[in-house]
Amino acid sequence: MQSIYTDASVYKLLTPQDDAEHAFMCRLAGDAASILELASGCGNLAARLAQRADVTGVDASPEMVALATQAHGDRPGLCFVQGDMRTLRLERPFDLVMAVDNALQHACTDEALYAALDSIRAHMGPGSRALFQTGLREPETLDTLNHARQKVGSAIDACGVTFEIYGTSTFDPATKVNHRVFEIHKDGAKVAERTLTMRILDSAALQQALARAGFSIARAFDESGQEVEPQARPGPTHAVRTYECRAG
Ligand SMILES: C[S@@+](CC[C@H](N)C(=O)[O-])C[C@H]1O[C@@H](n2cnc3c(N)ncnc32)[C@H](O)[C@@H]1O
């Protein structure tokens, strides 16, 4: 079965873009003149950041790189390259490296997570910052991720056609890996099926990994963009955290 990152039209149906979140990321980017965005997907965030900075978006999926390049690639100061966040080495520092919007959740093992954090450090200079994000539930609510097939929403494509989305979710508490299967239906018939596998990286686990990888948290924000105590542990309804870090 194909991943949701192999087909631009299905990806757009399953991942609506969050304007408010992108505005918040632009605010955090501040006066960074060069930005590296890991797992840049369809490139919408990178394009918005490129209004004020030179931006390189990196994504492992050739289809997503093609989609982003087609949609935004002609903007000055913006480019998209194919690469794996675990092994990427562009041999240059950036003012800001971003691993947000579920980027790190695609590192499904500790080994993959630490490799990605090493890559991020490799693209930071003495004054650089990095932004990391958790966007998932805290451990006490993880069982809600495990569900049999159910309707999870509907979506309208660019031509106004409505699709119904059904999902099945299988969560392994030992590895914290959540495997989802989406069915896309049109007029009552299934037209596509896609998978999405992510590790549930809660804020405590991310903080621990950041400390072990040599990052220090300068500021932390909740999902509404309010600054919060970096060490505070969010409750189940406040699980999204963005961390602004320095290397070392
Ligand atoms: C949630 S999407 C990114 C969302 C993006 N901000 C957007 O606006 O479309 C996650 C992306 O991570 C990419 N990805 C998954 N594993 C990756 C890896 N190891 N290295 C780089 N990109 C990866 C996928 O191809 C996908 O495009």
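Counting starts at 1 for both ligands and their atoms, following the listed order.
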What residue and heavy atom of the protein are closest to [atom], and at what distance?
atom: atom 22 (N) of ligand 1; result: Ala60 N, 3.1 Å
atom: atom 11 (C) of ligand 1; result: Asp59 OD2, 3.6 Å
atom: atom 6 (N) of ligand 1; result: Asp101 OD2, 2.9 Å
atom: atom 8 (O) of ligand 1; result: Gln17 OE1, 3.1 Å

Please say whether [X] places an N or O atom under 3.5 Å from an N or O atom belonging to ligand 1.
X: Leu45; answer: no
X: His22; answer: no
X: Asn102; answer: no
X: Asn44; answer: no
X: Tyr5; answer: no
X: Met85; answer: yes
X: Cys42; answer: yes

Distance under 4.0 Å to a non-hydrogen atom of [X]: what atoms of ligand 1 satisfy this?
X: Tyr11; value: 2 (S), 3 (C), 4 (C), 5 (C), 7 (C), 9 (O)
X: Ala39; value: 3 (C), 5 (C), 11 (C), 12 (O), 13 (C), 22 (N)
X: Met64; value: 27 (O)
X: Glu37; value: 6 (N)
X: Gly83; value: 20 (N), 21 (C)
X: Asp84; value: 18 (C), 19 (N), 20 (N)

Checking contacts here: is it the side chain or the backbone of His106 that comes within 4.0 Å of ligand 1, counting heavy atoms only? Could be both or neither.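 Under 4.0 Å from ligand 1, His106 contributes side-chain atoms alone.
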Ala107 and ligand 1 - part of the residue with a heavy-atom distance under 4.0 Å: neither
Quick check: Tyr243 with Phe215 (ring centres under 6.0 Å apart)?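 Phe215 vs Tyr243: aromatic centres not under 6.0 Å.
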His123 side chain vs Leu90 backbone, donor-acceptor pair below 3.5 Å: yes
Do the side chain of Arg241 and the main chain of Val228 share a donor and acceptor less than 3.5 angstrom apart?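 Checked: no pair found.
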Examine ligand 1 and decide if any of its atoms is less than 4.0 Å from a heavy atom belonging to Ser40. yes
Counting only heavy atoms not in [X] (residues, nucleotides, ligands), do more than 12 fall under 6.0 Å from its [atom1]?
X: Arg149; atom1: CZ; value: yes
X: Glu227; atom1: CD; value: yes
X: Lys151; atom1: NZ; value: yes

Is the closest basic N to carboxylate O distance between Arg48 and Asp19 below 4.0 Å? yes
SB check Asp118 Arg89 (cutoff 4.0 Å): no
Any side-chain heavy atom of Asp101 sitting closer than 4.5 Å to one from Leu45? no
Please examine the side chains of Met198 and His106, heavy atoms only from C-beta on, and report whether any two atoms are closer than 4.5 Å. yes
Assess the residue pair Arg199 and Asp110 against the criterion (salt bridge (Lys or Arg N to Asp or Glu O under 4.0 Å)); give the C-alpha distance rounded to whole Å, side-chain angles, the decisive distance to 0.1 Å, and a yes or no. CA-CA 10 Å; Arg199 184 155 76 143; Asp110 278 349; 3.0 Å; yes
Students often mix this up, so state it plainly: with edges at 30° and 60°, are the rings of His185 and Tyr166 parallel, tilted or perpendicular? perpendicular
